[in-house]
Amino acid sequence: METMDYKEAYEKEHIKCADLAGRVAELEEKKEELEFKLNRIKNNPLWKMSAPLRKAMHYMLRQRDRLKNCGNLRGIWAKVKYKQREREAMTHFGTASFPDEARRKEERETVFPHMVKISILVPLWNNQREFQEQMLDSVMAQTYENWELCLADGSDAQHSYIGDICREYAARAKGRIIYKKLEKNGGIAGNTNECLKLATGEYIGLFDQDDILHPSVLYEYVKAINEQGADYLYCDETTFKNNDINKMLTMHFKPDYAVDNLRANNYICHFSVFHRHLLDGDELFRAKFDGSQDHDMILRLTDRAEKIVHVPRLMYYWRSHAGSVASGIEAKPYATDAAKGAVAEHLRKHGYRHFRIASTRAFETIFKISYQIIGNPKISIVIANKDHEADLRRCIASILERSTYDNYEIIVVENNSVTEEIGKYYEELKEKGEGKVKVVVYDGAFNYSAVNNLGAKEADGDYLLLLNNDTQVITVNWMEELLMYAQREDVGAVGAKLYYENRTIQHAGVVLALGAHRTAGHSHYGQHRENLGYMGRLCYAQDVSAVTGACLMVARKLFWDVGGLDESFAVSLNDVDFCLKLREKGRLNVFTPFAELYHFESVSRGLDDQGEKARRYEEESERFRRKWKEVLEKGDPYYNPNFSLDRSDFSLRV
């Protein structure tokens with residue numbers, strides 16, 4: 001009987017396989033038919049004649065999307081002004097930034113304690129003659145001269161001139177250029193791994209065949225290796241066109257190492273140089289991640305690195321031309337899947353399970369990572385309040401009515417209210433608050449830190465969520481979006497994206513020393529909700545120095561481990577001070593744009609811009625500057641020093 005059952009099951013599976021094979025064959029036929037029709041359309045004279053019109057239409061659609069991202073006329077005008085400042089700044093970052101002859105001589109003659117040898121790997125494949133020569137010239141022009149250039153050439157017979165050019169340069173390079181003609185092309189991963197076999201340097205550098213290096217980049221890297229013990233280095237970069245590095249398209253000024261940024265977006269990219277011990281026997285590039293092999297490699301190597309150094313100078317010139325990734329991800333659509341795979345493998349290595357990785361509206365390879373929420377921890381939402389019944393009612397109603405997370409309590413900390421309306425509302429909350437709301441009383445003059453500390457003492461949740469009474473929930477899963485980061489062992493505080501009533505940004509992360517008082521300010525302040533942010537930074541969760549206390553989640557135990565909020569900061573900067581205390585403990589502070597709320601800022605207590613309030617703000621600012629003097633002097637690691645501290649829109653210093 002068992003034999004008959006097995007036989008029947010086998011026959012059924014055989015029939016299924018035959019059926020699937022038939023369906024595959026049908027799909028193949030349809031594919032061939034569609035390809036035939038598509039080719040016929042493309043070869044049609046009318047199709048070819050309409051090409052300029054289609055390009056113009058696509059251009060107009062792109063401009064429409066860009067205008068949409070600006071939000072309104074004010075946003076469009078701000079974008080125009082930003083581009084004007086950027087174009088002015090560009091004149092300082094091309095050949096104008098190259099060392100003059102005196103500086104070249106000084107750099108060339110510098111003797112470091114450790115004159116490390118850097119092997120620069122360049123995989124070759126059917127490169128254009130001009131690109132090949134410009135790439136080689138930029139290496140030959142390096143002021144630091146202890147380098148070797150390892151070239152593995154997978155070009156076909158039609159591009160045999162590549163070998164001729166390389167051999168010509170090798171003859172002039174006094175043994176520093178090593179060239180190998182490969183029997184077959186192994187793709188970017190395979191060819192780069194062949195380059196690695198040729199390398200004898202202590203450090204390895206990765207360089208693309210059609211790009212250009214700043215003459216001082218190796219000098220700056222070796223300086224950082226000697227002064228800081230760097231074992232992984234990268235710099236800022238720009239894309240350019242028309243064979244002229246002064247014709248820049250986009251300049252990318254990067255933050256220092258930030259793991260959440262890197263998981264969501266390969267912001268490090270070029271020019272990566274690292275100690276070869278980081279390879280730990282692995283291949284440099286893995287073929288299964290072709291198209292995003294650099295993202296995979298950077299995630300693996302930075303995991304192992306002990307000292308990652310970002311050199312905040314624009315020193316890599318990434319050529320944009322047809323077929324290059326710099327010209328658009330559509331040139332290599334498989335790169336998206338490869339990048340997701342690389343990030344997924346990295347996350348699994350760090351113990352994460354059941355996460356999701358999705359492309360964002362910024363770009364196909366800029367990701368939203370959704371982490372699994374472990375268990376069903378209780379969240380205690382602490383809201384300080386004085387009068388303003390309508391504001392508090394709106395805030396609490398939005399929590400109760402819109403939130404999809406249900407294991408929470410709301411603790412209203414009452415402080416010196418005098419209106420009859422608020423008293424009645426408190427009574428109403430006791431009756432209709434669904435058992436989730438309680439009111440506690442703080443006696444004494446208003447002190448934001450002390451009020452919230454009292455609320456935290458009254459809380460019995462696993463996580464605290466400090467929330468202003470002048471906020472209103474937009475995103476229904478806002479608590480989940482905050483909690484997925486707050487649960488991580490390496491994270492301290494998590495902050496949300498907050499908007500004014502007119503849908504402009506009030507908070508998207510805090511930058512140290514930004515603003516007139518040189519204490520802290522909000523990045524992307526005043527930009528429209530639809531804005532993508534600098535290099536897409538409004539579209540993915542990222543590490544920041546601090547987040548606003550207007551909406552801040554933290555583990556309750558961690559809150560008290562750092563002493564809660566410092567009550568000497570009665571009104572201002574207590575949230576930034578708290579986040580910096582978490583940073584001192586080695587914790588990351590995270591801003592996520594996927595938890596959104598309105599923040600009708602300072603409705604309850606007013607602004608600190610005049611009279612006694614202005615004097616108090618200056619006193620607290622001075623106390624903050626004294627307390628965090630060394631931190632402020634070092635600069636915000638997540639905000640490039642080339643950016644102005646007088647503007648929040650990532651404008652460059654000019």
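Everything quoted here is computed from the prediction, not taken from an experiment.
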**Asked** Would you say I204 and I118 make side-chain contact, with heavy atoms under 4.5 Å?
**Response** no

**Asked** Taking side chain as C-beta onward, heavy atoms only, is F591 less than 4.5 Å from P593?
**Response** yes

**Message:** Looking only at the side chains, is there a donor atom on one of H270 and E237 sitting less than 3.5 Å from an acceptor on the other?
**Reply:** yes

**Asked** Would a line drawn from the ring center of Y144 to the ring center of Y221 be shorter than 6.0 Å?
**Response** no

**Message:** Using ring centroids (six-membered ring only for Trp), state whether Y371 and Y485 fall under 6.0 Å.
**Reply:** yes

**Asked** Under the 3.5 angstrom rule, does the side chain of S523 hit a backbone N or O of A508 as a donor-acceptor pair?
**Response** yes

**Prompt:** Is the side chain of S651 donor-acceptor paired with the backbone N or O of S648 at a distance under 3.5 Å, no angle test?
**Reply:** no

**Message:** Counting C-beta onward and ignoring hydrogens, is there a side-chain heavy-atom pair between L279 and M297 closer than 4.5 Å?
**Reply:** no

**Prompt:** For F643 and Y534, what are the C-alpha separation, side-chain angles and deciding distance, and is it a ring-ring contact (aromatic ring centres under 6.0 Å, His included)?
**Reply:** CA-CA 11 Å; F643 294 133; Y534 180 75; 5.0 Å; yes

**Complete:** Heavy-atom closest pair (T250 atom, T238 atom, distance to 0.1 Å) is O-OG1, 3.0 Å

**Message:** If I take atom OG1 from residue T475 and atom CD from residue E596, how far apart are they, to the nearest 0.5 angstrom?
**Reply:** 4.0 Å

**Asked** Got more than 12 heavy atoms from elsewhere within 6.0 Å of NZ, K349?
**Response** yes

**Asked** Would you say the side-chain atoms of D244 and N242 include a donor-acceptor pair closer than 3.5 Å?
**Response** no

**Message:** We want to know whether Q134 and R319 form a side-chain donor-acceptor pair, criterion being a heavy-atom distance below 3.5 angstrom.
**Reply:** yes

**Request:** Kindly indicate, with the supporting measurements, whether the criterion side chain to side chain contact (heavy atoms under 4.5 Å, CB included) is fulfilled by L198 and K180.
**Result:** CA-CA 8 Å; L198 306 175; K180 180 181 179 181; 4.0 Å; yes

**Request:** Please examine the side chains of Q142 and L213, heavy atoms only from C-beta on, and report whether any two atoms are closer than 4.5 Å.
**Result:** yes

**Request:** Could you tell me whether K117 atom NZ has more than 12 heavy atoms of other residues or ligands within 6.0 Å of it?
**Result:** yes

**Message:** Tell me which one of Q372, R348, R263 satisfies side-chain contact (heavy atoms from CB on, under 4.5 Å) with F355.
**Reply:** R348

**Asked** Should H346 and L262 count as side-chain neighbours, where that means a heavy-atom distance under 4.5 Å?
**Response** no

**Asked** Below 4.5 Å, heavy atoms only, C-beta onward: do P312 and N640 meet side chain to side chain?
**Response** yes

**Heavy-atom pair with the smallest gap, counting every atom of C195 and C150** = SG-O, 3.4 Å

**Asked** Can a donor-acceptor pair be found between the side chains of R653 and S644 at a distance below 3.5 Å?
**Response** no

**Prompt:** Between R286 and D296, does at least one N-O distance fall below 4.0 Å, as a salt bridge requires?
**Reply:** yes

**Item:** Atom pair CG/CG of L196 and N191 - distance to nearest 0.5 Å
**Value:** 13.0 Å

**Prompt:** R313 and C235: which non-hydrogen atoms are nearest, and at how many Å?
**Reply:** O-CB, 3.6 Å

**Prompt:** So do P637 and S545 actually touch side chain to side chain, heavy atoms under 4.5 Å?
**Reply:** yes

**Message:** Please report whether the ring centroid of Y525 lies less than 6.0 Å from that of H507.
**Reply:** no

**Message:** Could you tell me if K497 and T592 have a donor-acceptor pair between their side chains, going purely by distance under 3.5 Å?
**Reply:** no

**Prompt:** So, E194 and K197, do they make that salt bridge, N to O below 4.0 Å?
**Reply:** yes

**Complete:** Taking every heavy atom of D208 against every heavy atom of V122, the minimum-distance pair comes out as C-CG1, 4.2 Å

**Item:** salt bridge (Lys or Arg N to Asp or Glu O under 4.0 Å) partners for R176, two or more places apart
**Value:** none

**Prompt:** Is the shortest heavy-atom distance from the side chain of Y232 to the side chain of V309 under 4.5 Å?
**Reply:** no

**Asked** Looking only at heavy atoms, which two atoms of F93 and S97 are closest? And how far apart?
**Response** O-OG, 3.5 Å

**Request:** Tell me yes or no: between the side chains of D156 and H159, is some donor less than 3.5 Å from an acceptor?
**Result:** yes

**Request:** Establish, from distance only, whether the side-chain atoms of Q542 and Y638 form a donor-acceptor pair under 3.5 Å.
**Result:** no

**Message:** For the residue pair Y540 / T360, report whether a side-chain donor-acceptor contact shorter than 3.5 Å exists.
**Reply:** no

**side-chain hydrogen bond (donor to acceptor under 3.5 Å, both in side chains) partners for D260, two or more places apart** = R488

**Asked** Are more than 12 heavy atoms from other residues, nucleotides or ligands located less than 6.0 Å from atom CZ of R356?
**Response** no

**Prompt:** Name the one of F240, W318, Y316 that satisfies side-chain contact (heavy atoms from CB on, under 4.5 Å) with I212?
**Reply:** F240

**Item:** Worked check of salt bridge (charged side-chain N to carboxylate O under 4.0 Å, His left out) between E88 and R85
**Value:** CA-CA 5 Å; E88 182 182 354; R85 291 190 298 273; over 6 Å; no

**Message:** Nearest 0.5 angstrom please: S320 OG to D211 CG, how far?
**Reply:** 10.0 Å

**Asked** Say you draw a straight line from OG of S370 to NE2 of H354; how long is it, rounded to the nearest 0.5 Å?
**Response** 14.0 Å

**Asked** Which atoms form the tightest heavy-atom contact between Y179 and C166, and what is the distance?
**Response** CD1-CB, 3.5 Å

**Message:** Any salt bridge linking K368 with E481? Criterion: basic side-chain nitrogen under 4.0 Å from a carboxylate oxygen.
**Reply:** yes

**Message:** What's the separation between atom OH in Y257 and atom CG in D543, rounded to the nearest 0.5 Å?
**Reply:** 8.5 Å

**Asked** Side chains of Q527 and D649: do they bring a donor and an acceptor to under 3.5 Å?
**Response** no

**Request:** Output yes when a side-chain donor or acceptor of S292 lies under 3.5 Å from a complementary backbone atom of A338, and no otherwise.
**Result:** no

**Request:** Apply side chain to side chain contact (heavy atoms under 4.5 Å, CB included) to L483 and V494, showing your working.
**Result:** CA-CA 8 Å; L483 180 60; V494 189; over 6 Å; no

**Prompt:** Could you state the interatomic distance from CG (N265) to NZ (K254), rounded to the nearest 0.5 Å?
**Reply:** 10.0 Å

**Qualifying residue, where the test is salt bridge (charged side-chain N to carboxylate O under 4.0 Å, His left out) with E345 and the options are K288, K340, R300** = K288

**Stepwise side-chain hydrogen bond (donor to acceptor under 3.5 Å, both in side chains) test for N243 and E130** = CA-CA 9 Å; N243 295 335; E130 189 175 11; 2.9 Å; yes

**Message:** I'd like to know whether N266 forms a side chain to side chain contact (heavy atoms under 4.5 Å, CB included) with D294, so could you lay out the CA-CA distance, the side-chain angles of the two residues, the decisive distance to 0.1 Å, and finally the verdict.
**Reply:** CA-CA 8 Å; N266 180 17; D294 52 347; 3.5 Å; yes

**Request:** Determine, step by step, whether H214 and F98 satisfy the ring-ring contact (aromatic ring centres under 6.0 Å, His included) criterion, reporting the C-alpha distance in whole Å, the side-chain angles of both residues, the deciding distance to 0.1 Å, and the verdict.
**Result:** CA-CA 7 Å; H214 188 287; F98 285 13; 4.9 Å; yes

**Item:** Exam field: side chain N246 to backbone T95, donor-acceptor pair closer than 3.5 Å
**Value:** yes

